[in-house]
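Worksheet: the structure to be examined is printed underneath.
So that the names make sense, note that chain A is the first sequence line, chain B the second, and so on, each numbered from 1.
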Amino acid sequence: ETGVTQSPTHLIKTRGQQVTLRCSSQSGHNTVSWYQQALGQGPQFIFQYYREEENGRGNFPPRFSGLQFPNYSSELNVNALELDDSALYLCASSLDQAISYNEQFFGPGTRLTVL
Amino acid sequence: EDQVTQSPEALRLQEGESSSLNCSYTVSGLRGLFWYRQDPGKGPEFLFTLYSAGEEKEKERLKATLTKKESFLHITAPKPEDSATYLCAAHGSSNTGKLIFGQGTTLQVKP
């Protein structure tokens with residue numbers, strides 16, 4: 001059984017650019033959540049996708065957008081990058097959207113640095 | 001506003017020295033309280049879910065407990081391999097799909 005994978009591992013961008021991060025969910029999982037983790041902080045919820053539909057969003061501006069594909073893999077897109085977007089971006093997959101009853105498995109994350 | 005606060009931010013223990021990590025939460029309609037372990041450069045690894053006050057769960061040297069306002073992660077006779085950041089997170093009734101994380105407690109266990 002393959003776990004959650006994310007690509008790329010590391011990424012360096014300049015302010016104003018756009019970035020796409022990718023996540024492959026664990027086999028059989030139809031729900032993907034994205035989190036932003038700044039250095040020394042806990043993860044902050046960006047949004048969740050359940051069967052290709054957005055199912056909840058945190059306090060992030062519209063320049064953070066996402067997609068979930070029919071195979072349940074997912075993308076996080078960030079436009080007009082700002083310095084504060086520098087963080088570890090985590091993807092988590094679960095069997096179902098009811099996350100209180102379905103363990104979320106986290107990927108290793110993508111480290112984004114904005115210069 | 002829903003909130004999760006962890007203390008202390010950092011904890012240094014000698015091997016074998018037991019202690020507890022605290023997680024205070026203010027969440028409407030708590031559906032689940034989660035504990036995760038995170039090693040440097042890695043994603044969080046699930047440890048426990050607690051659902052109601054009075055519930056306890058154990059795994060090796062770790063025991064998690066829950067009250068109506070707090071959760072504790074007790075570490076008994078820790079070993080150096082227990083060194084990591086421990087994250088607490090809550091899922092409330094008004095938070096579709098959203099886990100609210102605390103800032104974490106970084107534990108260092110010295111041999």
Side-chain angles (χ1 to χ4, degrees), chain A residues 3-6 9-10 21 23-26 29-51 53-60 66 68 74 87-111, chain B residues 1-10 21-25 27-52 55 57 59 66 71 73 84-106:
Chain A
V4 178
T5 60
Q6 293 186 242
T9 306
H10 296 90
L21 310 182
C23 170
S24 291
S25 58
Q26 190 157 314
H29 288 188
N30 60 23
T31 302
V32 172
S33 301
W34 285 92
Y35 291 84
Q36 179 195 67
Q37 187 176 24
L39 204 59
Q41 301 296 315
Q44 283 200 303
F45 177 76
I46 302 175
F47 40 58
Q48 183 189 76
Y49 279 85
Y50 168 64
R51 294 189 174 184
E53 297 289 328
E54 188 178 290
N55 181 46
R57 188 180 180 94
N59 296 326
F60 282 81
Q68 187 178 33
S74 179
L88 181 69
Y89 288 84
L90 295 163
C91 163
S93 76
S94 56
L95 270 174
D96 191 75
Q97 60 177 323
I99 60 172
S100 287
Y101 305 101
N102 293 282
E103 180 182 339
Q104 288 193 88
F105 293 84
F106 282 83
T110 294
R111 172 70 63 186
Chain B
E1 183 182 341
D2 293 342
Q3 195 170 357
V4 174
T5 303
Q6 292 186 247
S7 62
E9 288 188 10
L21 281 55
N22 176 266
C23 170
S24 297
Y25 65 90
V27 172
S28 303
L30 183 74
R31 290 183 175 179
L33 190 292
F34 302 78
W35 283 97
Y36 288 88
R37 169 190 170 129
Q38 187 173 26
D39 292 302
K42 295 189 175 181
E45 176 189 343
F46 172 80
L47 293 173
F48 305 107
T49 308
L50 302 167
Y51 295 105
S52 57
E55 189 174 0
K57 287 192 177 175
K59 181 180 180 180
L66 182 65
S71 179
L73 184 66
T85 295
Y86 291 85
L87 295 164
C88 167
H91 183 217
S93 60
S94 61
N95 299 320
T96 305
K98 176 181 180 180
L99 281 185
I100 302 167
F101 279 86
Q103 76 274 31
T105 294
T106 299

Which residue out of [options] racks up the most heavy-atom pairs below 4.5 Å with chain B?
options                            : value
A:Gln44, A:Gln41, A:Arg111         : A:Gln41
A:Tyr50, A:Tyr35, A:Phe45, A:Phe47 : A:Phe45
A:Gly40, A:Pro43, A:Gly58          : A:Pro43
A:Arg57, A:Gln104, A:Gln6          : A:Gln104

- Message: Ignoring hydrogens, what is the shortest heavy-atom contact between B:Gly102 and B:Leu87? Give both atom names and the distance.
- Response: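 It is O-CD2, 3.9 Å.
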Practice prompt. Please name the pair of heavy atoms, one in A:Gly107 and one in A:Leu90, separated by the smallest distance, quoted to 0.1 Å.
Written response: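 Looking at all heavy atoms of both residues, the closest pair is O-CD2, 3.7 Å.
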Assign the ring pair A:Phe105 / A:His29 to parallel, tilted or perpendicular, where the plane angle (0 to 90°) is split at 30° and 60°. tilted
If one checks every heavy atom of B:Glu45 against chain A at 4.5 Å, the contacting part turns out to be neither
Query - Any side-chain heavy-atom pair of B:Glu55 and B:Lys57 under 4.5 Å - result: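 Yes, at least one pair of side-chain atoms sits under 4.5 Å.
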Next item on the list: To the nearest 0.5 Å, tell me how far B:Leu30 CG sits from B:Tyr25 OH.
Entry: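 Nearest 0.5 Å value for the CG-OH distance: 5.0 Å.
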